[in-house]
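When reading the values below, keep in mind they use all heavy atoms of this one structure, side chains included, and skip hydrogens, waters and symmetry mates.
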Amino acid sequence: VNTRGKHPDLIVQQQHPFNAEPTLTQLLQAPTTPNDLFFARNHAPVPAVDVDSYRLSVTGLVEKPLELSLDDVYRLPKTTVTATLQCAGNRRKAVFAYKHVVGEVPWGDQAISNAVWGGVRLSAVLERAGVLEGAQHVACLGLDELGQGDKRFNFGGSIPLKKARCEEVLLAYEMNGAPLLPLHGFPLRLVAPGYIGARSVKWLVQICVQQTPSSNHYQARAYKLFAPHIDAKTVDWDKGLMLGEMSVNSSICVPEEGETLASGKLEIKGYAITGGDRTVERVEVSLDGGLRWVEARLSRVEPFAWCFWTVRLDLEPGTHCVVARAWDSAANTQPEDLAKIWNFKGYMNNAWPRVAFDVGPAVRADKRPG
Ligand SMILES: Nc1nc2c(c(=O)[nH]1)N[C@H]1C(S)=C(S)[C@@H](COP(=O)(O)O)O[C@H]1N2
Ligand SMILES: [Mo]
């Protein structure tokens, strides 16, 4: 695990537990993020798993509780799904810049990555167990332990049963054709496409079908959204909006803040993503604070995955400020002002990304290198 911190293009936010994101430049290299550059978000040390004694239990509101070995899982029909995971804390650095948040990882725009996941459908396992009437949520538990002394507990979270039955939700044991790395949940993790990353529980050990959402700390307290005037002292945890589906979001990755570009045709690039089973429909940029917008060209758009966007522009020498916004298939778009969605946990920042950059004087053709 620690050797991953040595990858030159990985920004390590925290060594223990290990939290890291690729550089902006690396993020846009390929639509599928290489496994060794995939962002890592851990709340506790990576648990060691004994594959022989490992069992996944399926309990709760089911006709027939199951105890599945890894071989039992491997025997089920295998399928692959392309899905982008995004942490609810993605783009928190901008939230900090506006107003500081205490004790949270200061993610840049790279707490997001895309992979082709291989595994079995959660629905196949639920069918084998037989879901009983009254069931509405599927709660997952990981093997990693948090807390101290007799207050120890495992990481967990839940998704609605309706989502759990969708064909895109996987119990994944492969990532981009390779066995899942310990850092990303070996031997088995949930992949809940369209939902915040926290719901894709790693080192999965238990699936519980139940009437209510998970009572785990990371569902019942953390990963909730509060209004800007609420803080850690005034918060009533029961009142927060429990996060599930991702909202529509985008990032400007090229140019980077403060960069100087040669005048002439230049490119502005980034990614866009949305949640649920919605798709990104349009991305646009503005150089005048949002009065006039230029539509970007999108890479292939598919549900559950980000898309990359590009705008080619001819800009005059001087300082420019570019903002962007994405629109999805439900006509949702991003809010302009971070202040209005600021929350003390720094979640779900999908305010317009803003990048200030300089365009230098034109480089004369005869002075151009090469
Ligand atoms: N068991 C377990 N699962 C977990 C976590 C964790 O700390 N423990 N972190 C969650 C969060 S907050 C995110 S954003 C994703 C990140 O997945 P990755 O580390 O593979 O990128 O895993 C989720 N699953
Ligand atoms: Mo996360």
Side-chain angles (χ1 to χ4, degrees), residues 31 81-91 94-95 109 111-114 117 122-123 136-138 157-170 190-200 213 219 223-228 240-252 270-286 290-311 323-343 346-354:
V81 170
T82 301
T84 301
L85 297 189
Q86 178 182 217
C87 184
N90 191 30
R91 303 189 59 218
V95 178
D109 285 23
I112 182 170
S113 295
N114 187 54
W117 305 94
L122 174 56
S123 64
Q136 290 200 48
H137 298 269
V138 174
S158 61
I159 56 172
L161 175 62
K162 202 172 154 200
K163 174 69 180 180
R165 284 181 156 145
C166 292
E167 59 177 21
E168 69 272 12
V169 180
L170 294 192
L190 190 76
V191 172
Y195 274 60
I196 60 164
R199 304 306 175 225
S200 290
Q219 183 86 34
Y223 295 107
K224 281 185 159 178
L225 206 57
F226 294 91
L241 189 162
M242 197 178 268
L243 296 173
E245 288 184 6
M246 290 186 286
S247 49
V248 63
N249 204 355
S250 67
S251 168
I252 300 167
Y271 66 77
I273 176 129
T274 188
D277 56 5
R278 307 184 305 279
T279 46
V280 172
E281 293 296 316
R282 188 164 75 184
V283 177
E284 45 200 16
V285 304
S286 173
L291 295 174
R292 285 169 304 168
W293 295 89
V294 182
E295 200 169 332
R297 192 168 47 80
L298 302 187
S299 66
R300 193 162 73 102
V301 169
E302 48 186 337
F304 314 122
W306 61 9
C307 67
F308 289 172
W309 56 265
T310 311
V311 176
V323 297
R325 65 179 182 190
W327 294 80
D328 73 11
S329 48
N332 296 312
T333 192
Q334 302 177 235
E336 172 179 356
D337 193 356
L338 173 60
K340 307 297 193 299
I341 57 161
W342 186 93
N343 60 97
Y347 294 138
M348 304 303 258
N349 175 18
N350 70 337
W352 295 356
R354 291 169 191 276

Enquirer: Quick one: does R91's side chain get under 4.5 Å of P353's, heavy atoms only?
Expert: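 Yes, close enough: below the 4.5 Å cut-off.
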
Enquirer: Output all residues satisfying side chain to side chain donor-acceptor pair (under 3.5 Å) with K162, sequence neighbours left out; order by chain, then residue number.
Expert: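 Scan of K162 (side chain to side chain donor-acceptor pair (under 3.5 Å), adjacent residues dropped) gives none.
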
Enquirer: Are R325 and E336 within salt-bridge range, i.e. N to O under 4.0 Å?
Expert: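 Salt bridge: no.
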
Enquirer: Which pair of non-hydrogen atoms, one from N249 and one from N350, has the smallest distance, and what is that distance?
Expert: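 Closest pair (atom of N249, atom of N350, distance): OD1-CA, 3.3 Å.
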
Enquirer: With sequence neighbours left out, what residues match S251 under side chain to side chain donor-acceptor pair (under 3.5 Å)?
Expert: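 For S251 the side chain to side chain donor-acceptor pair (under 3.5 Å) partners, ignoring immediate neighbours, are D109.
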
Enquirer: Run the ring pair (Phe, Tyr, Trp, His ring centres under 6.0 Å) test against W352 and tell me which residues pass, sequence neighbours left out.
Expert: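 Ring pair (Phe, Tyr, Trp, His ring centres under 6.0 Å) check on W352 returns W293.
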
Enquirer: Tell me, do I196 and M348 make a side-chain contact under 4.5 Å, heavy atoms counted?
Expert: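 A side-chain contact exists here, since the closest heavy-atom pair is under 4.5 Å.
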
Enquirer: State, yes or no, whether a side-chain contact exists between L122 and L170 at a heavy-atom distance under 4.5 Å.
Expert: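 L122 does not reach L170 side chain to side chain.
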
Enquirer: Test of understanding: with side chain to side chain donor-acceptor pair (under 3.5 Å), list the residues that count as partners of S299, not counting sequence neighbours.
Expert: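 S299 satisfies side chain to side chain donor-acceptor pair (under 3.5 Å) with no other residue.
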
Enquirer: Is the closest side-chain heavy-atom distance between V248 and W327 below 4.5 Å?
Expert: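 With C-beta onward as the side chain, the pair stays apart.
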
Enquirer: Compute whether any side-chain donor of one residue and acceptor of the other, for E284 and W309, lie under 3.5 angstrom apart.
Expert: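 Not at all, the side chains of E284 and W309 share no donor-acceptor pair under 3.5 Å.
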
Enquirer: Would a 4.5 Å heavy-atom cut-off, applied to side chains only, mark V285 and V323 as touching?
Expert: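 They are not in side-chain contact.
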
Enquirer: Compile the donor-acceptor pairs under 3.5 Å between side chains in residues 300-307 and protein atoms, sequence neighbours left out, one pair per line.
Expert:
{"unit_1": "R300", "atom_1": "NH2", "unit_2": "E302", "atom_2": "OE2", "d": "3.3"}
{"unit_1": "W306", "atom_1": "NE1", "unit_2": "P31", "atom_2": "O", "d": "2.9"}

Enquirer: Apply side chain to side chain contact (heavy atoms under 4.5 Å, CB included) to residues N349 and L338 and explain how you reach the verdict.
Expert: CA-CA 7 Å; N349 175 18; L338 173 60; 3.4 Å; yes

Enquirer: Taking atom types as modelled, is there a side-chain donor on E245 or S247 under 3.5 Å from an acceptor on the other?
Expert: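 No.
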
Enquirer: Quick one, V283 and F308 - any side-chain contact, counting heavy atoms below 4.5 Å?
Expert: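 A side-chain contact under 4.5 Å is absent here.
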
Enquirer: On a heavy-atom basis, which atom in R165 and which in S123 lie closest, and how many Å separate them?
Expert: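 Distance-wise, the nearest heavy atoms are O-CB, 3.7 Å.
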
Enquirer: Residues two or more places apart in sequence or in another chain: which of them pass side chain to side chain donor-acceptor pair (under 3.5 Å) with Y347?
Expert: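 Here no residue qualifies.
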
Enquirer: Considering non-hydrogen atoms only, spot the tightest contact between E168 and K163 and give its length.
Expert: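 Looking at all heavy atoms of both residues, the shortest contact is OE2-NZ, 2.8 Å.
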
Enquirer: Looking at every heavy atom in both A351 and I341, which two are closest together, and how far apart are they?
Expert: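 A351 and I341 have their closest heavy atoms at N-CD1, 3.9 Å.
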
